[in-house]
Each structure stands twice: as structure tokens, then as C-alpha cells.
Asks: 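Next up is a structure, given as C-alpha cells.
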Amino acid sequence: MSILLSPDIRTVILLLFAGNLLAIVMLSAYRRKEGLELAYRRYIAGKIFQALAWMLIGARGTIPDWLSADVGNGSLYVGFAFEGLAFVLLERREKKFTRLYAAVTITGIFLFSMFSTTPALRVALSSASVGSITAMTAILMLYSIQASRLRVLVACFYIAFSIMLACRVAYAVLYPNQISVFQNGPIQAFTYLMTFAFTLVGGAGFLLLLKEQSDDALAIAVNELQIRETLLTNIFNTSSVAIFLANDDGYISMANQRMAEMFGRTIDSLIGSPYLDCVAEAQKDEAHDQLQKLLSSEISFLKLEREYSRPDGSHFWGQLTATHMHDGQKVGHQLVGVIADITDLKLAEVNMRKMAHHDPLTGLANRALFSDRLQQAMMVAKRDQTRFALLYIDLDKFKLVNDSFGHQVGDKLLQEVALRISRCVRDSDIVARVGGDEFVVLLRSVNTTENALLVAEKVRISHAKNFKIEEHDLAISCSIGVAMYPDDGTSETELSAKSDEAMYKAKHGGRDQVQFATITTTNNSL
Ligand SMILES: Nc1nc2c(ncn2[C@@H]2O[C@H](COP(=O)(O)OP(=O)(O)OP(=O)(O)O)[C@@H](O)[C@H]2O)c(=O)[nH]1
């Protein structure tokens, strides 16, 4: 007991040195959480400076006095400043605190070097500086954003230590002859033992607070993960697109409700079945190759349009977006696929394409498509040195039908006429509607004027039978102009102009007849 009350001060200083040294060793092995490194490094630095300080102070008498007193005390302030800063930085990583601690420490060092002329003044100045730093740390910890119980407790220790140091300052000022650094006695013993206890409590407190911060961060991370999981589950379950996971054998391991609906199957029947089973037969080989590339990481992303099949035999078009995923050793290679049903889009696309090239009333080719086919036919005929015929057909007095029975009847008549003309020619020929009641026919397979006349006459005669439109029995004839490639022209403009000219010849000749651009043929006689 007597040893406890009057320990040798040098021994206690040695203990303080050793205690700080051990704290450094222990802390170096501690694994801290990311983001807390700055506080952790400051604390270690604090312990290094404190160990150095106690070593220099303890060596008083064996090393130069300025080194022991000035550098030793300076190191002590810096050590406590780093330690205090570490506690503050655990929660608030702000530069202003570093500046605050630096200012107080530098002031302490300056005052000590200027005014520590007597042992008592040294004690007073040293205690005042350390006390100010620890008091500041306690206040900053208590004013933290969320002071936990542990933080308040550590701050209380700091306050107690500051109060003790304040008492020591007062004692040194009041009784300057009774105090110096190495003087033995109960007050000195109490001071140093408190400092030792404070060192232990501070170290344990810091580690616990470090752990508390890590736990809090972990709890926040877990909470965020749970929120994300809930969000992802909701997206997965309520998505309007099919979402699935497939393992490295291409077997589906997870599928959402939309996928089951899209494929006309149950989720249970999808899970465990090969993804390729869902692909339409015609695309299976290609899909297999792409799946292999994805699963072997040859490609990491895939976006394409694919035809899928359902167990009832029906098909639909889907846009597949697939990504390759590798999740450590747990699940290995995985494929994440998203399929959007684009069947309606595809149909609309087909219709749009058709509308761009076809006459909406009759379904025949329009002028653009006809022109394209005519160009092709000219190229082929030029290369093969063959001929072909172009018919220009205009209905006779069609206006009368419109005027007498209305446009609706006129439209239906045009549809019927389109049908009759189409039936007179081969599938390889092209029939187009290029104006109100004007049609053109490209006879690819006809290379003599005789044959051209035969087909043109067939078209003309196909109009001889009355058209039954609604309750009306309509008679309508047509005038046909024929141009031959290359005899009448070798360009679209020339051929069109010549067939048009021939058609007008037929109109002027009394209608219901066929006229050639360059040879005169009176059809009615045929
Ligand atoms: N019902 C209907 N009529 C159309 C359409 N496009 C044009 N027409 C009409 O078709 C008629 C074409 O008349 P024209 O070729 O000028 O003259 P026509 O009465 O046939 O007399 P000719 O050609 O001289 O024998 C006009 O009355 C146009 O308004 C259409 O899509 N539907």
C-alpha cells in the first residue's frame, strides 16, 4: 500500500513510456474499418509522441535539459493533441479541428519555452497545456453529433483528468517550492498514477469507440442492403419484363412471374429447365452459340431480338438483354437475362414497312416499290439482253362511278379491279397502283410484243364482266398503253412516258383498247 501511495516517480514514468509503447504495438495489429483510418493513424501518432515524451522526460539528468524538458514536454502536447484529434475525427472528419489542436499545442510549446524558468513553472505550464488539450477534447466529444453513452463516459474521464491537472497547476502556483517533476510524495504519486490510469482508459475507450463506429457503419450498411433487396425483389416481382437467372449450364435458376406469363408456363416449370427450351426451333443453334460465348466470358453483354416459343406452339418476339455475371466461388458463372415482349412492335414494324411500299387501298405495290422493281428489271434485262413490257392501265370514265355511287363504291371498285389485274399476270410480275384509277404492270417474263399484247388483252378483257359492288352492277373498261424495254426506252422516265403516251392514244382511240408506244395495234379487233 505504501508503495502504491509513494511509488518512485521515475518508475511510473517508465511505466507510462512502456504503456504507450505497448498500446502502439497492440493498435498496429488492430484491423479497422475503412473510413476510420485517419482517426486511427492520429491515435497511433499520439501514442508515439507520448511514448517519446515520457522517454525524454524520464531520461532527465542523463540527456541535455532542453531535450528532456522542452522537447519532452513539446512531444507530450503533440501526443495529447493527436490523441484528442483522433477521438474527434472518429465522428467528424473536419479540417478545422486539426487547426484548433495545432494552435493550442503550438501556444503551449511557446509558453513553455519562454516561461518555464523554475521547476514549479514547468509543472504548471506543462499541466496547463495538457489539461487544456484534454478539456478541449472532452468538450468536442460531448458536443458531437450523436454522443453515445460510451463517448460521454470517455469524455467524463477526460474532464476528470483535466480537473486533476487544473488542481496541479493551482498547487504549483500556490506552493512553488513544494513541487517539481521528480519529487516523490502523495500528490505527485496520485498525479502520475492518474495519468497512467488515464492512458489505459483512453486506449480502451478509443478502441471501443472505433468498434462502435464500425458497428454503426455495419448496421447502416446492412440496413441499406435490406432496403435494396426489398426494392430489387419488388422490381423482380412486379416487372413488366421477364427477368431470369441461368447457371453456367444454361439452366434457369430463377424466374419472375412475368416470365411465367410470357412463356405460358409456371415459375416452377421454368426453374431447372434449359433456357434454350424457350427459344423458337429455328433460332436454337444461334442462341446456343451466343449462350456459350456469354457463359465462357467471351462476350459480357448481349442485346438482340429473338423469337421464343410457348408449350402450346405459339410464338412471340422478345428483345433479350443478357449479361454475364461472375460471383466469386459461390455461384460461379451466371447469366442475367431480361426479355421484353416486342411482338406488337414487330407487327407494327412490318405494317409500317408494308405501308411505305404498298398502296393502302388495294394492297398493291406503290410507285416507290414499283420504281425500285423497274430499275432491277432494267438491270437484269440489260445484262441478259432480254426485253420486258410495261403496261399503263387507266380506267375509263371512272369519275362517273364516284359521282353516281359515291367514293366508297369507287374504292371497292378499285379494289376489285386490282384483283382482276393481278389474276391476269404471273407472280413474278409486279402490279402497282400509281394514281387514282391508274395502274402499271411490269411484265418481266414477256419479251415479245406479241406476248405483251396477249397479257394486255387479257387484262382488258378481264374488265368485260360487270363488277358487283354492294347492290350495284357496274360496267367499266380500261385503256392500256404498252411500252417495251429497250425498244421504247432504257430509263424509267422514258419507259413511263412512252407507256403513258400509248395509254392516251388508247383513250383518244375510243377507250377500251390496247395501244403500243411504237407499234400500232388495235386491240378491239383481236
Ligand atoms: N373512289 C376513289 N376515287 C379516286 C381515288 N383516287 C382518285 N379518284 C378519282 O378517280 C377519278 C379519276 O378520274 P380521271 O382519270 O381523271 O377521269 P376518268 O373519269 O377516269 O375518265 P378518263 O380517264 O378520261 O377515262 C377522279 O374522279 C378522282 O377523284 C380513290 O382512291 N378512290
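Quick caveat: nothing in here was measured; it's all calculated off a predicted structure. In each ligand, atom 1 is the first atom listed, and ligand 1 is the first ligand listed. Computed from heavy atoms alone, side chains included, the values below leave out hydrogens, waters and symmetry copies.
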Asks: Which atoms of ligand 1 sit under 4.0 Å from any heavy atom of Asn402?
Replies: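 It comes down to these atoms of ligand 1: 1 (N), 2 (C), 3 (N), 4 (C), 8 (N), 9 (C), 10 (O), 27 (O).
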Asks: Ring-plane angle category for Phe388 and Tyr485, please: parallel below 30°, perpendicular beyond 60°, tilted otherwise.
Replies: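 It falls in the parallel class, under 30°.
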Asks: Geometry only, no angles: is Phe398 polar-contacting ligand 1 at N/O separations under 3.5 Å?
Replies: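 In this structure, Phe398 places an N or O atom under 3.5 Å from an N or O of ligand 1.
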Asks: Quick check on contacts: which atoms of ligand 1 are under 4.0 angstrom from a heavy atom of Arg433?
Replies: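 Close to Arg433: 5 (C), 6 (N), 30 (C), 31 (O).
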Asks: Have Gln513 and Gln515 got a donor and an acceptor in their side chains that come within less than 3.5 Å?
Replies: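 A donor-acceptor contact under 3.5 Å links the two side chains.
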Asks: What part of Leu414 sits under 4.0 Å from ligand 1 if we count only heavy atoms: the side chain, the backbone, both or neither?
Replies: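 Under 4.0 Å from ligand 1, Leu414 contributes side-chain atoms alone.
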Asks: Any side-chain donor paired with an acceptor under 3.5 Å for Arg151 and Gln213?
Replies: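 There is no such pair between these side chains.
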Asks: For atom 16 (O) of ligand 1, is the nearest protein heavy atom closer than 4.0 Å?
Replies: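 No, because not a single protein heavy atom sits under 4.0 Å from atom 16 (O) of ligand 1.
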Asks: Have a look at ligand 1 and work out which part of Leu413, if any, has a heavy atom under 4.0 Å from it: side chain, backbone, both or neither.
Replies: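 Looking at Leu413 and ligand 1, no heavy atom falls under 4.0 Å.
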Asks: Checking contacts here: is it the side chain or the backbone of Gln408 that comes within 4.0 Å of ligand 1, counting heavy atoms only? Could be both or neither.
Replies: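 It is neither part, as no heavy atom is under 4.0 Å.
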Asks: If we set the cut-off at 4.0 Å for heavy atoms, which region of His508 has an atom near ligand 1: side chain, backbone, both, or neither?
Replies: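 The answer is neither; His508 stays 4.0 Å or more away.
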Asks: With atoms numbered from 1 as shown, which atoms in ligand 1 lie under 4.0 angstrom from a non-hydrogen atom of Gly410?
Replies: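 Counting atoms of ligand 1 from 1, those under 4.0 Å from Gly410 are 1 (N).
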Asks: If you measure from each non-hydrogen atom of Asp411 to ligand 1, which part falls under 4.0 Å: side chain, backbone, both or neither?
Replies: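 Looking at Asp411 and ligand 1, atoms from backbone and side chain both fall under 4.0 Å.
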Asks: Any Lys/Arg nitrogen of Lys211 or Asp215 sitting under 4.0 Å from an Asp/Glu carboxylate oxygen of the other?
Replies: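 A salt bridge links Lys211 with Asp215.
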Asks: Provide, to 0.1 Å, the distance between atom 24 (O) of ligand 1 and the closest protein heavy atom, together with that atom's residue and name.
Replies: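 Of every protein heavy atom, Arg511 NH2, 3.0 Å lies nearest to atom 24 (O) of ligand 1.
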Asks: Counting only heavy atoms not in Asp427 (residues, nucleotides, ligands), do more than 12 fall under 6.0 Å from its CG?
Replies: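 12 or below, so no.
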Asks: Tell me the closest heavy-atom pair linking Arg420 and Asn466, and the distance in Å.
Replies: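 Between these two residues, the closest heavy atoms are NH2-O, 3.3 Å.
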Asks: Taking all non-hydrogen atoms of both residues into account, name the closest pair between Leu304 and Gln290 and its distance.
Replies: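 Taking every non-hydrogen atom into account, CD2-OE1, 3.4 Å.
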Asks: Hey, is Lys507 touching ligand 1 through its side chain, its backbone, both or neither, going by heavy atoms under 4.0 Å?
Replies: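 Side chain only; the backbone of Lys507 stays clear of ligand 1.
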Asks: If you take all heavy atoms of Leu209 and Ser148, which pair is closest and at what distance?
Replies: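 That closest heavy-atom pairing would be CD2-OG, 4.3 Å.
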Asks: Would Leu400 count as a polar contact of ligand 1, with the cut-off being nitrogen or oxygen pairs under 3.5 Å?
Replies: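 Leu400 vs ligand 1: no N/O contact under 3.5 Å.
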Asks: Please could you name the atoms of ligand 1 that Asp396 approaches to less than 4.0 Å, counting only its heavy atoms?
Replies: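 Listed by number with element, the hits are 25 (O).
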